[in-house]
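Everything below concerns the one structure shown next.
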Amino acid sequence: MAEEKLPTRAENFADWYNDLVLKAELADYSPVRGCMVVRPYGWTLWENIQGQLDRRFKDTGHVNAAFPLFIPMSFLEKEKEHVKGFAPELAVVTHGGGEKLEEPLVVRPTSETIIGYMYSKWIKSWRDLPVLINQWGNVVRWELRTKLFLRTAEFYWQEGHTAHATEQEAREETLRMLDVYTDFAVNEAAVPVIKGIKSETEKFAGAVMSTTIEAMMQDTKALQSGTSHFLGQNFAKAFEIQFTNQNNELEFCYTTSWGLSTRMIGAIIMTHGDDQGLILPPRLAPIQMVLVPIYKNDAEKASVMEVTNRIWQELKAAGIRIKVDDREGVTPGFKYNDWEMRGVPLRMEIGPKDVEKGSVALARRDKPGREGKSFVSQENIAATVSEMLVNIQAALLERATAMRDSHIHDPKDYEELKQVVQGGWAFSYWCESKACEAKVKEDTKASTRCIPIDGQPEHVGTCIVCGAKAKRKVYFAKAY
RNA sequence: CGGGGUGUAGCGCAGUUGGCAGCGCACCGCGUUUGGGACGCGGGGGCCGGCGGUUCAAGUCCGCCCACCCCGACCA
């Protein structure tokens with residue numbers, strides 16, 4: 001049961017986040033350092049995320065499969081950049097069945113290698129392509145500093161792995177899946193994101209090009225919320241994923257990979273939550289509406305519960321995820337706070353006065369106090385509730401977008417850039433040199449987040465750091 | 001892995017010159033309550049992070065170790 005208040009976001013955003021995750025019962029610390037236990041409420045949220053993504057993957061022609069947790073160490077070593085990137089954070093199994101293993105097994109940090117190996121077995125002809133497979137699973141990366149959902153040693157995600165005959169097709173796939181993520185984030189999670197391309201230093205180990213969706217949290221830090229990589233022929237060459245083309249010539253495939261993890265839950269928390277607790281977007285919320293019956297004695301209870309049950313049936317039949325909080329011995333006020341902590345988007349109260357008047361009270365989670373409260377007729381209640389959930393979903397996206405846009409700046413010089421990244425993002429011309437990127441990081445702790453795909457200026461400009469000619473603009477921001 | 005901090009009931013903490021291990025919340029029982037975090041009465045719960053030392057006596061003093069948290073370097 002949730003109890004007591006959270007620290008405010010202004011006081012201490014990090015503590016607010018941690019406390020909220022625990023008190024809303026999304027997750028808990030595990031006895032294993034850096035790992036988390038996802039509790040039923042958090043997992044149901046993840047299942048809803050999975051459902052929406054999986055639907056989109058199937059709609060774009062992908063199928064699911066499952067690959068093993070263990071990967072031979074030698075597989076990782078086959079792609080030079082890949083192993084360099086992941087070596088420091090690998091968990092390695094050296095023993096099995098009481099015997100030392102001949103070759104150590106890596107607990108997968110991602111599955112490009114083992115899937116590449118399998119693809120080389122499965123792909124022979126251009127007729128076998130494209131291969132469009134997704135896997136839902138867990139991976140392990142031995143992180144030094146962890147934070148629930150945002151960075152844990154083990155996390156849950158999906159990883160899509162595709163193989164194509166041509167570079168163009170693989171590049172299109174990379175961007176198609178980035179669009180899927182964008183559509184999901186914006187329209188299901190109500191998290192506004194900017195899609196763009198990662199710099200050379202920020203890209204995935206082994207990729208030719210990494211793309212990302214970046215979201216701004218309420219502390220203005222950036223959160224990479226999903227990534228899609230064009231891997232070129234790097235993994236195809238490492239694992240000999242080859243096919244015979246229509247001219248009977250042997251060619252290497254072009255591959256992609258793309259992933260979105262339980263980190264998205266962190267994005268939702270830090271995008272929408274307030275000082276009362278979590279606020280969940282209705283489309284993903286495990287419980288969309290909680291119904292609190294109110295009564296003083298048995299007579300009132302009988303009449304209130306009659307109406308409560310009728311409305312419960314009606315809303316359930318309309319497909320609304322609803323819970324009746326009929327706990328005895330806790331006051332309605334306690335229940336309000338309890339469900340607000342858990343972020344349930346809408347609350348309905350039914351008391352003796354409502355029974356009398358044929359009304360119910362509705363309270364929107366996104367608008368605290370009187371502003372979010374309304375009294376509506378019991379007539380057509382399913383339509384009223386559905387409409388309100390749609391409105392809440394839209395209001396969350398609108399509020400988050402306004403917050404983000406008001407914290408993106410276009411600094412006029414480097415001095416101003418150093419200022420703005422302390423409390424927002426800078427959108428500036430950049431010459432795309434590692435030196436300038438490193439200088440910003442050194443001076444401000446802000447890194448390049450992405451070169452956005454949309455919204456690039458028509459004209460060339462000058463790099464905000466060194467003044468050299470720059471074709472494109474990039475976002476600089478502190479990041480999680 | 002460097003710097004700082006904290007370890008006492010599920011959580012948050014107090015514990016004086018070393019002298020019976022406590023408080024608040026939570027939990028259990030009974031009763032009264034219930035439209036914004038109710039109240040009364042009763043109750044259960046401890047390897048005081050671990051190991052060693054000093055002492056008649058250690059939560060308290062000393063040494064070593066461990067764990068976790070925060071800040072840095074690395075990251076979905």
Q: May I ask you to verify if any side-chain N or O of A:N12 is less than 4.0 angstrom from the OP1 or OP2 atom of B:C70?
A: no
(Q) Can you confirm if the NZ or CZ of A:R141 lies within 45° of the ring axis of A:W157 and under 6.0 Å from the centre of its six-membered ring? (A) yes
Q: Identify whether any heavy atom of A:G259 sits under 4.0 Å from a base atom; if not, whether one sits that close to sugar-phosphate; answer base, sugar-phosphate or nothing.
A: nothing
(Q) Any base atoms under 4.0 Å from A:R347, or only sugar-phosphate, or nothing? Heavy atoms, all strands. (A) base
Q. Hey, is the side chain of A:Q276 pairing donor to acceptor with the base of B:G36 inside 3.5 Å?
A. no
Q | Distance, rounded to the nearest Å, where A:D15 contributes CG and B:G12 contributes C1' | A | 13 Å
Q | Side chain of A:R141 - closest among B:A76, B:G37, B:A73 | A | B:A76
**Q.** Sugar-phosphate, base or nothing in reach of A:A14, heavy atoms under 4.0 Å
**A.** nothing
(Q) Consider salt bridge (charged side-chain N to carboxylate O under 4.0 Å, His left out). Of A:R56, A:R176, A:K195, which one does A:D183 pass it with? (A) A:R56
Q. Does any pair with a residue in residues 285-303 of chain A pass salt bridge (Lys or Arg N to Asp or Glu O under 4.0 Å), and if so which ones, sequence neighbours excluded?
A. A:K301-A:E328
Q. So does A:T331 get a side-chain nitrogen or oxygen closer than 4.0 Å to the phosphate oxygens (OP1/OP2) of B:U34?
A. no
Q) Which part of the nucleic acid, if any, lies within reach of A:T152 when heavy atoms closer than 4.0 Å are counted: base, sugar-phosphate only, or nothing? A) base
Q. Is the number of heavy atoms from other residues, nucleotides or ligands within 6.0 Å of CG (A:N380) greater than 12?
A. no
Q. Any idea which of B:G35, B:A76, B:G37 is nearest the A:R263 side chain?
A. B:A76
**Q.** Pairwise C1' distance, B:U6 and B:G42 [rounded to whole Å]
**A.** 36 Å
